[in-house]
Asks: 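This structure is in structure tokens; I'll ask about it shortly.
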Amino acid sequence: MHIRSATEEDREVFSHTLHAAFGRYPESPADGDGYWWSALQMERSLIAYTADGRPVGTSGTHAFELTLPGEAIVPAAGVTAVGVVPTHRRQGVLTALTRHQFAQLRSQGQFLAVLLASEAPIYGRFGFGPATYTTKLTLQRHRSALAGRRAPGASAPQAGSLEVRLKDDCADLVEGLYDQYRRKQPGALSRPRLWWEKRAGQAPMSPDPRYIALHRNADGALDGYACYNANGSETLTVDEIVALNDSAFTALAQYACNHDLTTTTVLEHVAPGSPLRWQLKDFRGGEVGYDTDWLWVRILDVPRALTARGWFADGELVLDVVDPFLDEQNRYLLSVQDGKAQCRPTDREPDLSLDIRDLGSLYLGGTSPTTLIRAGHIHTHNADGAGRAEALFRTDRLPHCLHWF
Ligand SMILES: CC(=O)SCCNC(=O)CCNC(=O)[C@H](O)C(C)(C)COP(=O)(O)OP(=O)(O)OC[C@H]1O[C@@H](n2cnc3c(N)ncnc32)[C@H](O)[C@@H]1OP(=O)(O)O
């Protein structure tokens, strides 16, 4: 087997090999806009060939920016289009593609890779850990009334306004709002221009017909949108609500739940920690479903990764990090002061011993160290290691990623 980087001329071969891996016939010729793979950059993609020249495996990366805790924005390679044709599975093709890809990424100075996993058991062995989570909230219209604010002494924000547009009539506003939102939201990815141009991915970028409810604050400034469709049924489905503040999110959710001729509203991609359920008069009015992992993180350079994010408590922790896939083991002293970290090799006794995949899970602040200690994945060497890790990795806002790729 040999692996080589693809070129634009390989797009058709790449697409057919990938689709064969999924057992799904391509919906259109490989160059068709409006399909998720049209935003793939061939020069960032790999193809694996058998010794006799048959293409059997694919993988690629998107050039994303990822927002870290503390609103640090860093490059992240979005691993995608991973597929090995059924006749060549379990012979190490993906393993070889991933080794090749990580070597390339490291040689380019990249320190983070991220992905969405088609199946959860695939990627842990390569050092990826689930780092953001998502839920689907289903609300019955008759149980979705809001309770109103009750914070003693706090004044209610001034009411904003809503406007309904066809998605294709306000694509530029939606793109701009998403970009403002993702820069503040830990765990969020950029949506590169190419995705909007190619109408790649899922709504609101894809050509699927949708309405957009735009929200403006009391001063008339745009601060959120909901992308939705009722499709003539009694269920209104909201693909995503993107809001620059909680008031806009609440107003858009309330709008979606109060739509005439519908009985049920499904909010896809509600962030863990969203205040919405707490705002309902009936706490059980929202049924949580599809509570699952979303973005997986692979750290390729521990010191660079840990010093890139913002921190919210001072402290020190010695981490013994094993990376079985890359056959590496290193011990680091992580010291945080005034929101900034230093991370250096050390020979001090460790506080925690952990696998690189578990460090990936902790990295964005969406997974508690205590949970992974209790699960038996992280070993703590002293009585206060868990508490110090908990205090150190905690963030001001839980990470969330809306982007599908
Ligand atoms: C980010 C994305 O693009 S997600 C999309 C991933 N692609 C798909 O789901 C398409 C359908 N599946 C496939 O194409 C293939 O089965 C792949 C890509 C998931 C795996 O490719 P393979 O070449 O078979 O993987 P490879 O042989 O390198 O396997 C390495 C190890 O992972 C394990 N493994 C691979 N796939 C799976 C799986 N789906 N579930 C559990 N274990 C798996 C193998 O058993 C092997 O374990 P071992 O080292 O203990 O023997």
Side-chain angles (χ1 to χ4, degrees), residues 1-6 10-11 13-27 30 35-42 44-51 54-64 66 76-105 110 112-134 187 189 191-192 195 200-202 290 292-300 322-327 355-357 360-361 401-405:
M1 187 184 49
H2 85 277
I3 293 171
R4 69 163 175 84
S5 295
D10 296 313
R11 189 174 286 274
V13 168
F14 187 96
S15 168
H16 280 102
T17 309
L18 176 61
H19 280 87
F22 281 90
R24 200 182 299 154
Y25 202 77
E27 298 99 311
Y35 294 93
W36 69 267
W37 66 88
S38 59
L40 283 173
Q41 292 174 275
M42 279 300 112
R44 298 178 60 96
S45 305
L46 300 171
I47 308 182
Y49 290 88
T50 57
R54 271 186 298 154
V56 290
T58 58
S59 185
T61 60
H62 293 291
F64 290 136
L66 172 67
V79 175
T80 188
V82 171
V84 173
V85 295
T87 49
H88 287 69
R89 280 194 190 142
R90 310 301 179 262
Q91 296 170 31
V93 179
L94 175 58
T95 305
L97 279 164
T98 306
R99 276 197 199 292
H100 195 104
Q101 190 171 57
F102 285 1
Q104 266 189 349
L105 291 173
Q110 301 265 348
L112 287 176
V114 294
L115 57 74
L116 309 183
S118 61
E119 292 183 280
I122 302 174
Y123 291 103
R125 75 191 65 242
F126 302 126
F128 288 90
T132 80
Y133 306 89
T134 189
L189 291 171
R191 284 177 171 164
W195 287 69
Q202 295 188 339
Y290 196 65
T292 194
D293 57 280
W294 193 254
L295 194 72
W296 291 55
V297 167
R298 205 307 170 187
I299 295 178
L300 293 165
V322 292
D323 189 335
F325 184 63
L326 294 176
D327 197 19
D355 187 290
I356 191 76
R357 70 168 95 173
S361 290
C401 179
L402 286 170
H403 189 55
W404 178 91
F405 60 100

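Start at 1 and go down the list; that is how both ligands and their atoms are numbered.
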Asks: Where do Gln104 and Thr61 land on the side-chain hydrogen bond (donor to acceptor under 3.5 Å, both in side chains) test, with the steps shown first?
Replies: CA-CA 11 Å; Gln104 266 189 349; Thr61 60; over 6 Å; no
Asks: Mind checking ring pair (Phe, Tyr, Trp, His ring centres under 6.0 Å) for Phe14 and listing every partner two or more places apart, or none if nothing turns up?
Replies: none
Asks: Against heavy atoms of Gly92, which atoms of ligand 1 measure under 4.0 Å?
Replies: 26 (P), 27 (O), 28 (O)
Asks: Using a heavy-atom cut-off of under 4.0 Å, does the side chain or the backbone of Ala81 touch ligand 1, or both, or neither?
Replies: backbone
Asks: Any protein heavy atom at under 4.0 Å, with atom 51 (O) of ligand 1 as the reference point?
Replies: no
Asks: Under a 4.0 angstrom heavy-atom cut-off, which atoms of ligand 1 come close to Ser118?
Replies: 4 (S), 5 (C), 6 (C), 7 (N), 8 (C), 9 (O)
Asks: Closer than 4.0 Å to some heavy atom of Ile122 - which atoms of ligand 1 meet that?
Replies: 19 (C), 37 (C), 38 (C), 39 (N)
Asks: Looking at atom 13 (C) of ligand 1, what's its closest protein heavy atom, distance included?
Replies: Arg89 NE, 3.4 Å
Asks: Starting at OG of Ser361, measure out to CD1 of Ile299 and round the result to the nearest 0.5 Å.
Replies: 9.0 Å
Asks: Which residue holds the protein heavy atom closest to atom 2 (C) of ligand 1, what is that atom called, and what is the gap in Å?
Replies: Tyr123 OH, 3.4 Å
Asks: Which ligand 1 atoms does Pro121 reach within 4.0 Å, using its non-hydrogen atoms?
Replies: 41 (C)
Asks: Identify the closest protein heavy atom to atom 14 (O) of ligand 1: which residue and atom is it, and at what distance?
Replies: Val84 N, 2.8 Å
Asks: Considering only heavy atoms of Val79, which atoms of ligand 1 have at least one such atom less than 4.0 Å away?
Replies: 1 (C)
Asks: Would you indicate which of Arg99, Glu119, Arg125 comes nearest to atom 42 (N) of ligand 1 when only heavy atoms are counted?
Replies: Arg125
Asks: Taking heavy atoms and a distance under 4.0 Å, where does Val85 meet ligand 1: side chain, backbone, both or neither?
Replies: neither
Asks: Should one rank Gln91, His19, Arg90 by closest heavy-atom distance to atom 22 (P) of ligand 1, which comes out on top?
Replies: Arg90
Asks: Using heavy atoms and a threshold below 4.0 Å, how should the contact between Val93 and ligand 1 be classified: side chain, backbone, both, or neither?
Replies: both
Asks: Could you list which atoms of ligand 1 come closer than 4.0 Å to a heavy atom of Gly83?
Replies: 14 (O)
Asks: Starting from atom 1 (C) of ligand 1, find the nearest protein heavy-atom neighbour and note its residue, name and distance.
Replies: Leu116 O, 3.3 Å
Asks: How far does CZ of Arg54 sit from NE2 of His88, to the nearest 0.5 angstrom?
Replies: 4.5 Å
Asks: Would you confirm whether Arg357, through its side chain, and Tyr123, through its main-chain N or O, come within 3.5 Å as a donor-acceptor pair?
Replies: no
Asks: I'd like to check which ligand 1 atoms, numbered from 1 as shown, lie under 4.0 Å from a non-hydrogen atom of Ala21.
Replies: 11 (C), 14 (O)
Asks: With a 4.0 Å cut-off, would you call Asp355 and Arg125 a salt bridge?
Replies: no
Asks: Between the side chain of Ser15 and the main-chain N/O of Arg11, is any donor-acceptor distance below 3.5 Å?
Replies: no
Asks: In ligand 1, which numbered atoms sit nearer than 4.0 Å to a non-hydrogen atom of Thr80?
Replies: 3 (O)
Asks: Can you measure from CH2 (Trp294) to OG1 (Thr134) and round to the nearest 0.5 angstrom?
Replies: 6.5 Å
Asks: Would you check, one step at a time, whether the test side-chain contact (heavy atoms from CB on, under 4.5 Å) holds for Val84 with Arg90?
Replies: CA-CA 9 Å; Val84 173; Arg90 310 301 179 262; over 6 Å; no
Asks: Do Arg191 and Phe405 form a cation-pi contact, if we require the NZ or CZ to be under 6.0 Å from the six-membered ring centre and within 45 degrees of the ring's axis?
Replies: no
Asks: Within the 4.5 Å heavy-atom criterion, are Leu295 and Leu116 side-chain neighbours or not?
Replies: yes
Asks: Using heavy-atom distances only, which candidate in Val114, Val56, Thr95, Val82 approaches atom 29 (O) of ligand 1 most closely?
Replies: Thr95
Asks: Could you tell me whether a side-chain N or O of Thr58 sits under 3.5 Å from a main-chain N or O of Ala81, the two making a donor and an acceptor?
Replies: yes
Asks: Specify the protein heavy atom at minimum distance from atom 17 (C) of ligand 1: its residue, its atom name, and the distance to 0.1 Å.
Replies: Leu94 CD2, 4.2 Å
